[in-house]
Visitor: 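Structure incoming, see below.
A note on names: the letters A, B, ... follow the listed sequences, proteins ahead of strands, and every chain is numbered from 1.
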Amino acid sequence: MPELPEAETIVRALRSRLPGARVERVSVRHADVLAPDLTPRRLASRLRGRRIEDVTRRGKNVVLVFEDELRLVINLGMTGRVVTTDAPRAAEMRHVAVRFELDDGRAILYDDIRRFGCLDLRDAEGWHRRDAELGLEPLSDAFTPESLWALTRGSTTPIRNFLLDQRRIAGVGNIYANEALFRAGIRPTRRSHRVTRREASALRDHLRDVLQESIDNRGTTISDYRDAFGESGGFVQWLRVYDRAGEPCVVCGTPIRRVVLTNRSAFYCPVCQR
DNA sequence: AACGCGCCCTGTCCGC
DNA sequence: TGCGGACAGGGCGCGT
């Protein structure tokens, strides 16, 4: 569920409220959200007494940076939420998997209805390895028209699938992949290496635009996404194709189509996207 | 070895 | 009203 804009919205709120606080106690209610080699006991013992220094994002991951370069890396999966208990909406979290009690009386809740999310603990070296597995940050200077063109040329998979691969570009999920392809006039089923240089350049620009616009609207809530205050995002009203099968294209009026690519829906206008 | 598929899990919605 | 099936912002491990 949460893609880059949703993770970024959460990170911005946490960054202004968490640094300086210390973890006093960790309680794990659903151990299946922990990384395979991470036990509840080890998570608790390594975080107990540690101070939060910063909160950052990499791709769709929310990263709590502790003293001594220790990082709690949170992948939200489809329904993961990170909410602090001082938010009025915190009481609505009914699927809390992990609770981090802080020394200031607050707690951080990791809530996850479907429990597809994953919490991992990484030291400096372990984080370096994880970071290297992830692709370009689409909002960074390194994500240039040339860099996207170079990547698309080397792949035969449909461009929608290409955009979802976190090893190439980190942070794009199904909503923003479909929205950016609509804006760029490229059909989701097009093989990546058939995307022209000019189209790759437009796709790069539109991807950055749609991600930034969504961040400005605090992300997209279809049903489950909530920010760090437990509030919904406001970008859903600006979606042009995602989840709009049968509705008229905002440009030409043709009904939007839905197709399934590797078990996931893709949405497009058959006239505007070639 | 890049790519597609099935699966993890809970909740909601739709047709019968 | 109940029941079964399809579907949902993701990602891993497996086969080919």
Side-chain angles (χ1 to χ4, degrees), chain A residues 1-11 29-38 57-62 73-82 92-97 110-120 130 133-135 138 151-181 188-194 207 210-211 213-215 217-227 231-246 258-267:
Chain A
M1 142 275 140
E3 309 180 31
L4 186 157
E6 292 75 32
E8 179 66 23
T9 301
I10 292 168
V11 163
R29 215 170 295 191
H30 292 290
D32 51 357
V33 301
L34 303 187
D37 57 343
L38 180 61
R57 178 189 61 74
R58 178 74 170 96
K60 303 173 187 175
N61 299 286
V62 174
V73 183
I74 304 174
N75 186 292
L76 301 157
M78 294 280 259
T79 54
R81 302 165 173 175
V82 184
E92 294 170 24
M93 302 301 124
R94 293 187 224 292
H95 299 271
V96 177
Y110 178 70
D111 182 276
D112 194 340
I113 298 168
R114 296 173 73 179
R115 302 200 301 281
F116 285 177
C118 182
L119 274 56
D120 198 3
R130 178 70 188 120
E133 290 167 1
L134 295 168
L151 289 171
T152 56
R153 286 175 69 186
S155 172
T156 58
T157 198
I159 187 68
R160 199 290 310 264
N161 294 356
F162 170 95
L163 292 171
L164 297 190
D165 184 347
Q166 303 298 297
R167 293 167 303 183
R168 295 176 171 124
I169 304 166
V172 181
N174 206 24
I175 293 179
Y176 304 108
N178 279 282
E179 292 297 310
L181 287 168
T189 49
R190 178 107 64 92
R191 302 267 170 179
S192 302
H193 67 294
R194 301 285 187 215
L207 201 42
V210 74
L211 293 171
E213 288 168 28
S214 182
I215 291 170
N217 285 271
R218 299 171 10 267
T220 302
T221 295
I222 301 294
S223 59
D224 301 310
Y225 167 72
R226 297 293 184 274
D227 67 15
E231 304 285 347
S232 297
F235 194 64
V236 67
Q237 61 173 311
W238 301 109
L239 298 179
R240 301 182 192 171
V241 288
Y242 184 83
D243 207 19
R244 290 198 166 337
R258 170 180 175 271
V259 290
V260 176
L261 296 176
T262 58
N263 288 323
R264 308 189 66 187
S265 295
F267 302 89

Visitor: Touch check for R94(A), heavy atoms < 4.0 angstrom, all strands: base, sugar-phosphate only, or nothing?
Guide: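 Counting heavy atoms under 4.0 Å across all strands, no contact is made by R94(A).
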Visitor: Provide the distance between the two P atoms, one in dA1(B) and one in dG11(C), to the nearest whole Å.
Guide: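 That atom pair is separated by 24 Å.
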Visitor: Establish, from distance only, whether the side-chain atoms of D165(A) and N161(A) form a donor-acceptor pair under 3.5 Å.
Guide: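 Looking only at side-chain atoms, N161(A) and D165(A) do not form any donor-acceptor pair under 3.5 Å.
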Visitor: In Å and rounded to the nearest 0.5 Å, what is the CZ to CD distance from R57(A) to E8(A)?
Guide: 5.0 Å
Visitor: Output the distance between atom OG1 (T189(A)) and atom CZ (R160(A)), rounded to the nearest 0.5 Å.
Guide: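 One finds 10.0 Å between OG1 of T189(A) and CZ of R160(A).
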Visitor: Taking any heavy-atom pair under 4.0 Å as a contact, classify N161(A): base, sugar-phosphate, or nothing.
Guide: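 The residue N161(A) makes sugar-phosphate contact but no base contact.
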Visitor: Considering every strand and a 4.0 Å limit on heavy-atom distances, what is the contact class for P158(A): base, sugar-phosphate, or nothing?
Guide: sugar-phosphate
Visitor: Choosing from dG4(B), dA8(C), dG9(C), which nucleotide comes nearest the side chain of S265(A)?
Guide: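 Given the options dG4(B), dA8(C), dG9(C), the side chain of S265(A) is closest to dA8(C).
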Visitor: Hey, what do you get for OG1 (T220(A)) to CD (E179(A)), rounding to the nearest 0.5 Å?
Guide: 8.0 Å
Visitor: Can you pull every protein N or O that's under 3.5 Å from an N or O on nucleotides 6-10 of chain B?
Guide:
| residue | atom | partner | partner atom | Å |
| --- | --- | --- | --- | --- |
| dC9(B) | O4' | R114(A) | O | 3.4 |
| dC9(B) | O3' | R115(A) | NH2 | 3.2 |
| dC9(B) | O2 | R114(A) | NE | 2.8 |
| dC9(B) | N3 | R114(A) | NH2 | 3.3 |
| dT10(B) | OP1 | R115(A) | NH2 | 3.3 |

Visitor: Tell me whether the side-chain N/O atoms of T156(A) come closer than 4.0 Å to OP1 or OP2 in dA2(B).
Guide: no
Visitor: Let me check I have this right: for DNA chain B, each base becomes ., (, ), [, ] or |, based on Watson-Crick or G-U pairs with both distances under 3.5 Å. What is the full string?
Guide: .|||||||.|||||||
Visitor: Using a 4.0 Å heavy-atom cut-off across all strands, classify S223(A) as base, sugar-phosphate, or nothing.
Guide: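 Contact class for S223(A): base.
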Visitor: Measure the distance from CG on N174(A) to P on dG11(C) and round it to the nearest whole Å.
Guide: 11 Å
Visitor: If I take atom CZ in residue F267(A) and atom P in nucleotide dC7(C), what distance separates them, rounded to the nearest angstrom?
Guide: 10 Å
Visitor: Atom CG in L4(A), atom CZ in R58(A): separation rounded to 0.5 Å?
Guide: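 It is 10.0 Å, given to the nearest 0.5 Å.
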Visitor: On the nucleotide dG9(C), are OP1 or OP2 found under 4.0 Å from the side-chain N or O atoms that K60(A) carries?
Guide: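 No.
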Visitor: Rounded to whole Å, please give me the gap between OH in Y242(A) and C1' in dA8(C).
Guide: 6 Å
Visitor: Under a 3.5 Å threshold, yes or no: a donor from one side chain and an acceptor from the other, between R114(A) and T79(A)?
Guide: no
Visitor: Report the distance from atom CD1 of I175(A) to atom C1' of dA8(C), rounded to the nearest whole Å.
Guide: 10 Å
Visitor: Going by the angle between their ring planes, with limits at 30° and 60°, are F235(A) and Y176(A) parallel, tilted or perpendicular?
Guide: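 Ring orientation, 0 to 90° scale: tilted.
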Visitor: From Y110(A) OH over to I74(A) CD1, what is the distance, rounded to the nearest 0.5 angstrom?
Guide: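 Here the interatomic distance stands at 7.5 Å.
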Visitor: Nearest 0.5 Å please: distance from the CG atom of D120(A) over to the CG atom of N61(A).
Guide: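 Atom-to-atom, D120(A):CG and N61(A):CG are 9.5 Å apart.
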Visitor: Does some side-chain heavy atom of E6(A) sit less than 4.5 Å from a side-chain heavy atom of S214(A)?
Guide: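 Yes, their side chains come closer than 4.5 Å.
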Visitor: Whole-Å distance between dG9(C) C1' and L76(A) CG?
Guide: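 From L76(A) CG to dG9(C) C1': 10 Å.
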Visitor: Whole-Å distance between dG10(C) P and Y225(A) OH?
Guide: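 Checked: the OH to P distance equals 14 Å.
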Visitor: In whole Å, I'd like the distance from the CG atom of N178(A) to the P atom of dG10(C).
Guide: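 From N178(A) CG to dG10(C) P: 10 Å.
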Visitor: Which whole-number value in Å describes the distance from R258(A) CZ to dG9(C) C1'?
Guide: 15 Å
